[in-house]
2 protein chains.
Amino acid sequence: MNDQSEQWRYHHGDLRAALLDAAERSVRAHGAAQLSLRDLAREVGVSHAAPRRHFADRQELLDALAEAGFTRLGESIRRAVEQTGEGFAARTRHAVSAFAHFATENPALLELMNSTKHQGAPSTARAAEAAFEPIVELIREGQTQNVLEAGEPEELGLILYATVNGITMLVSTNMVPAERLDELTDTAVRQFLRGAAGEAHSQAR
Amino acid sequence: MNDQSEQWRYHHGDLRAALLDAAERSVRAHGAAQLSLRDLAREVGVSHAAPRRHFADRQELLDALAEAGFTRLGESIRRAVEQTGEGFAARTRHAVSAFAHFATENPALLELMNSTKHQGAPSTARAAEAAFEPIVELIREGQTQNVLEAGEPEELGLILYATVNGITMLVSTNMVPAERLDELTDTAVRQFLRGAAGEAHSQAR
DNA sequence: ACCTGAACACCGTTCAAGT
DNA sequence: ACCTGAACACCGTTCAAGT
């Protein structure tokens, strides 16, 4: 009993966090499809029925994992925007780069986040919205500076988000080698800024 | 024995096709994660070990399904391009629309096609390449007409492909309502054509 | 060549019972 | 409140055996 104390302290009162931690490693290593609740329980040192107290079923755990993923993604994007002060184009490039590298460094997690299944999980949907927020704010900034055309900032934000997400998928599915990630996102951002340019800039050409 | 003859005729010598057919319906209805080989065997009227003759394991069947999906997607895009003769912008809009609607009408299939797992399946990768071909040809056409800037057509094609794929994912994950699909792809195409415009057009503005 | 039936080692989920 | 252990109804995969 004494030599198990470390394991006990780890999940005592925090089995939920311990399970999420083990689940994240499992998803990273083998993908969400291979994740086994019984495996996680074993790894954490608890009976196979214990997770039930914290997650009603397998999907609920996957939803929680996706939610955490969106939260981290949003933080990563927000950090990138805040730490860049050299003008709108550079801020956009850094935000996109943060997104793209987070996605390609966590391909299985992003597959889970992009999965159809967590449609019904409201907290996951909220986390996804929150991750998207810094991008909308960035677009708004570009519109204020008249670098981007006027209009609904959400629309432009969605297109930028979709483009970057799509590019990372090309890499994660091996349709494109990882070495081309930066080249593709740079071209995409450059064209986005041109295609959505405000009057002042598109006339200055 | 006689009243089973229809079922027999259906898969006799073509169990593979019968399984793929049932699998496609199952994926469409419940997603690839829920697909069960034993279920398919039951539905087709064969023992649970019979599929083994045609698919080494579950993943091989999913790979074949993804491959068929890419083939149909490519055909759909190619048809859209060929049936439109009213200039490059319209051809691009139609190709993108065909892609977007195929994707949102078959969300579970696209999730499978975008899955990390079929990385190792060469025939699936070839089918994905083939589906991408009509888009590259379209870009080449735009460059020839100097509507698009010169350069590697594959690069522009990948960005367009990624953007549309990403937009359909926003819809399939319910981040955006399906009613906004056309609005988003139209805006995306318009901005793509502006952002990747050749000299002749960008100066004419 | 193609399929069957039993067997193996797993699953997720449920639930009475323990502390 | 939180966890256990047995039980249930499934899986995918393997393999000897049948035709």
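Here the structure is a predicted model, which means the values were calculated and not measured.
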Any side-chain N or O of Ser36(A) below 4.0 angstrom from OP1/OP2 of dG12(C)?
yes
With heavy atoms under 4.0 Å as the rule, sort Ser47(A) into base, sugar-phosphate or nothing.
base
Tell me what Arg58(A) touches on the nucleic acid: a base, only sugar-phosphate, or nothing, going by heavy atoms under 4.0 Å.
sugar-phosphate
Heavy-atom nearest pair, Glu86(B) first then Ala90(B), reads O-CB, 3.8 Å
What integer distance in Å separates Asp57(A):CG from dC11(C):C1'?
14 Å
Rounding to a whole Å, what distance do you find between Asp14(A):CG and dC3(D):C1'?
16 Å
Just the rounded figure in Å: distance from P of dC3(C) to CZ of Arg42(B).
18 Å
In whole angstrom, what separates Phe55(B)'s CZ from dC2(C)'s C1'?
15 Å
Whole angstroms only, please: what is the CZ-P distance between Arg38(B) and dA6(C)?
12 Å
From C-beta outward on Leu15(B), which listed nucleotide comes closest to its side chain: dG12(C), dC3(C), dT13(D)?
dC3(C)
Parallel, tilted or perpendicular, as decided by the 30° and 60° cut-offs, for the rings of Tyr161(A) and Phe99(A):
tilted
Identify, between His54(A) and His48(A), the residue whose nearest nucleotide on DNA chain D lies closer to the 5' end.
His54(A)
Pair Glu24(A) + Arg28(A): basic N to acidic O under 4.0 Å:
yes
Can you tell me the base-pairing partner of dA16(D)? Count Watson-Crick or G-U wobble geometry only, both distances below 3.5 Å, and say none if there is no partner.
dT4(C)
So, taking the atom named CG in Leu148(A) and the one named CG in Leu193(A), what distance separates them when rounded to the nearest 0.5 Å?
6.5 Å
Can you tell me the pairing partner of dC10(D) across any strand shown, Watson-Crick or G-U wobble, with both distances under 3.5 angstrom?
none
Proximity to the side chain of Val46(B) - top-ranked nucleotide from dC11(C), dT4(C), dT4(D)
dT4(C)
To the nearest angstrom, the CZ-P distance between Arg16(B) and dC2(C) comes to 13 Å
Toward the 5' end of DNA chain C, which comes first, Asp39(A) or Arg53(A), by nearest nucleotide?
Asp39(A)
Separation of atom CG in Leu40(B) from atom C1' in dC11(D), rounded to whole Å:
13 Å
Leu19(B) has an atom CG; how far is it from atom C1' of dC2(C), in whole Å?
13 Å
Going by distance alone, is a donor N or O of one side chain under 3.5 Å from an acceptor N or O of the other, for Thr187(B) and Glu155(A)?
yes
Nearest-neighbour nucleotide for the Leu37(A) side chain, dT14(C), dG5(C), dG12(C) considered:
dG12(C)
Please confirm whether the shortest side-chain N or O distance from Arg52(B) to OP1 or OP2 of dT13(D) is below 4.0 Å.
no
For Leu35(A), report the nucleic acid contact type (base, sugar-phosphate, nothing); a contact means any heavy atom under 4.0 Å.
sugar-phosphate
